[in-house]
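Inspection log for the structure reproduced underneath, given as structure tokens.
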There are 2 protein chains.
Amino acid sequence: MSNNVPEATVARLPVYQRALIELVREGASSTSSEQIASMARVNASKVRKDLSFLGSFGTRGSGYDTGYLLEQIDRALGLDRSWPVAIVGLGNLGRALANSQGFSSRGFFLCGLFDVDPSILGSRIAGVLVRHVDEIGADPDRAASPAIGVVATPAAYAQEVADRLVAAGVGCLLNFAPRVLSVPPHVLLRYVDLSIELQVMSFYLSHRGAGPGVPAGSAISAAASLPHPVGMNAGA
Amino acid sequence: MSNNVPEATVARLPVYQRALIELVREGASSTSSEQIASMARVNASKVRKDLSFLGSFGTRGSGYDTGYLLEQIDRALGLDRSWPVAIVGLGNLGRALANSQGFSSRGFFLCGLFDVDPSILGSRIAGVLVRHVDEIGADPDRAASPAIGVVATPAAYAQEVADRLVAAGVGCLLNFAPRVLSVPPHVLLRYVDLSIELQVMSFYLSHRGAGPGVPAGSAISAAASLPHPVGMNAGA
DNA sequence: GGCTGTGAACCACTTCACAGCC
DNA sequence: GGCTGTGAAGTGGTTCACAGCC
């Protein structure tokens, strides 16, 4: 198997994994591509083709053994190890991330939290000490150095933070700042961008027969552009 | 133009928009596909092809007028209106979202916040009253009804919340819960899934060298700093 | 008979290369 | 000459349809 797995397939493996965890929990000892597909809301041949990139783990005529398949997917995803993650920027979002299940779940652990705000430096979030951004990569202990860096700073600082994380040796960057970043080619960069998601939705809403959108010039949208918008007035 | 814009193109328009806002702020009155491309980290023909789906806004030989192009992109994205957004689930993540720039920015406004926790019902977050989930869609005022619903609840409640938002008439759902949702075909569903992002990164870390960009086994990728997984076989 | 694994057809998006226009 | 706009070629991913195996 190894390396020729399409990116789109990789992104679906965690979804199959979740379906399998659910099935195992329910006590189902075997399953089918059809069943996984319906849980993952994709079609069955996609499931079969995706799994075939990892190997052939099923039995013709009867399906897949849930536990075994789950193991294989976990192994393919590299979840038989734990990757150290550092979060930079501990505003509302960064703190929410630090406290979220995602990082404490199997496969990952928080190895560092960084910010510049003196009022939180030295405190602990999710049990981890908050250090100054200048200390990124300063720890001589290799095992304390992050494999994954999460950027949750304001947009203006995102590139500099990314540069520091790269210098500290991260292999992957997950960027929550609304900013295009530049990283060397050996670093995998992924974006989670709320404003892009919203704008894509706006596109579809406005190209799908007039929905409940409020014209931009109206009082309501003027209010909406203030820091603390209050919605709901009479509509257009 | 209208509706035949590829989804991949739609997702890049906000990035071009950002680049143009930056250019306008710098006072640049005109620009080129090459310049936009370098700011968006894509290649120039992609920019030209993407823009050509919206119309032909440039001038051969000289480029694009920044202000005019920005206007056209905003119009294509439907940002000449403001869309009402409701957030359901006001834990750490939901609160961070409610307070984030994304929603108060041009094009969107918070029209409702919903939860079930009695200790926050009736309070205000980002200036908006927190109401009980049962009140989703209960408001007879059509303008108060959300066009976009954001699901930020624990996974277990996500499907039920999605159903309620759909019943209340949302056209789009943005799901932050680690759960596959089922919605009717007329509703646009998008996911922001931290654990998928992390697991994709785990895949690339453990298949290092296979990542996009650097061929497997190359000197660069082998030399490219340390892998730091911790522990093996962390039992399922 | 039933379900997996997979070549082949298909489709969406990207990239190329150049015609068209300033 | 320079840069846009766009057919055409190329690429990656999805879906089909069926051979292979239990």
Side-chain angles (χ1 to χ4, degrees), chain A residues 1-13 15-16 19-20 23 28-66 68-70 72-73 76 196 200 203-204, chain B residues 1-13 15-16 19-20 23 28-66 68-70 72-73 76 196 200 203-204 210-213 215-216:
Chain A
M1 66 102 166
S2 203
N3 259 326
N4 301 36
V5 186
E7 178 156 347
T9 293
V10 174
R12 280 187 297 267
L13 293 177
V15 181
Y16 303 155
L20 286 165
L23 288 168
S29 68
S30 98
T31 185
S32 67
S33 60
E34 192 59 64
Q35 184 170 32
I36 298 170
S38 90
M39 296 175 80
R41 313 273 161 195
V42 298
N43 73 32
S45 53
K46 196 179 274 182
V47 172
R48 292 200 299 277
K49 171 84 35 135
D50 284 342
L51 295 178
S52 79
F53 287 112
L54 310 182
S56 59
F57 305 131
T59 311
R60 292 170 204 237
S62 66
Y64 302 90
D65 178 275
T66 48
Y68 179 65
L69 183 55
L70 179 52
Q72 297 308 313
I73 289 178
I196 289 181
V200 168
F203 178 92
Y204 282 108
Chain B
M1 65 111 162
S2 203
N3 235 330
N4 301 36
V5 185
E7 177 157 348
T9 293
V10 174
R12 280 187 297 267
L13 292 177
V15 182
Y16 303 155
L20 286 165
L23 288 168
S29 66
S30 98
T31 185
S32 66
S33 61
E34 193 59 66
Q35 185 170 31
I36 297 170
S38 93
M39 295 175 80
R41 313 272 163 198
V42 297
N43 72 29
S45 52
K46 196 179 276 183
V47 172
R48 292 200 299 278
K49 171 82 45 145
D50 284 342
L51 294 179
S52 79
F53 286 113
L54 311 182
S56 60
F57 305 131
T59 310
R60 288 166 206 242
S62 67
Y64 302 90
D65 179 275
T66 47
Y68 179 66
L69 183 55
L70 179 52
Q72 297 308 314
I73 289 179
I196 289 180
V200 167
F203 178 92
Y204 282 108

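Proteins get letters first, then strands, A, B, ... in listed order; numbering begins at 1 in each.
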**OP:** Report the distance from atom CD of B:Glu34 to atom C1' of D:dT4, rounded to the nearest whole Å.
**Re:** 12 Å
Original post:
Would you say the side-chain atoms of B:Ser33 pair up with the backbone N or O of B:Val47, donor to acceptor, closer than 3.5 Å?
Top reply: no
**OP:** Locate the shortest heavy-atom distance separating A:Leu51 from A:Phe57; write the atom from each residue and the value.
**Re:** O-CE1, 4.5 Å
Subject >> Distance-only donor-acceptor test, B:Arg60 side-chain atoms vs C:dG20 base atoms, 3.5 Å >> reply: yes
Subject >> Validation row: B:Asp65, B:Thr59 side chains within 4.5 angstrom (heavy atoms) >> reply: no
Original post:
What stems involve DNA chain C, if each pair must be Watson-Crick or G-U and both of its distances must be under 3.5 Å, with 3 or more such pairs in a row?
Top reply: C:1-22 with D:1-22
Original post:
Taking OP1 and OP2 of D:dG5, is either one under 4.0 Å from a side-chain nitrogen or oxygen of B:Tyr64?
Top reply: yes
Subject >> Closest to the A:Arg12 side chain, choosing from D:dG5, D:dT14, D:dT6 >> reply: D:dT14
Original post:
Of the candidate nucleotides D:dT15, D:dT6, C:dT6, which contains the atom at the shortest distance from the side chain of A:Ser52?
Top reply: C:dT6
**OP:** Describe the nucleic acid contact of B:Glu7 in one word from base, sugar-phosphate, nothing, applying a heavy-atom distance below 4.0 Å.
**Re:** sugar-phosphate
Original post:
For B:Asp65 and D:dC3, what is the distance between atoms CG and C1' respectively, to the nearest whole Å?
Top reply: 15 Å
**OP:** Could you tell me whether the side chain of A:Phe203 reaches within less than 4.5 Å of the side chain of B:Glu7, counting heavy atoms only?
**Re:** no
Original post:
Would one find a side-chain N or O of A:Ser33 under 4.0 angstrom from OP1 or OP2 of C:dT4?
Top reply: yes
Subject >> Any side-chain heavy-atom pair of B:Tyr16 and B:Val42 under 4.5 Å >> reply: yes
Original post:
The side chain of A:Ser45 lies closest to which of these nucleotides: D:dT15, D:dG13, D:dT6?
Top reply: D:dT15
Original post:
Counting side-chain heavy atoms from CB outward, which of C:dT15, C:dG5, D:dT6 is closest to B:Arg48?
Top reply: D:dT6
**OP:** Report the distance from atom CG of A:Asn43 to atom P of D:dC16, rounded to the nearest whole Å.
**Re:** 7 Å
**OP:** Rounded off to whole Å, could you give me the NZ-to-P distance for the B:Lys49 and C:dA17 pair?
**Re:** 14 Å
Original post:
Taking OP1 and OP2 of C:dT15, is either one under 4.0 Å from a side-chain nitrogen or oxygen of B:Lys46?
Top reply: yes
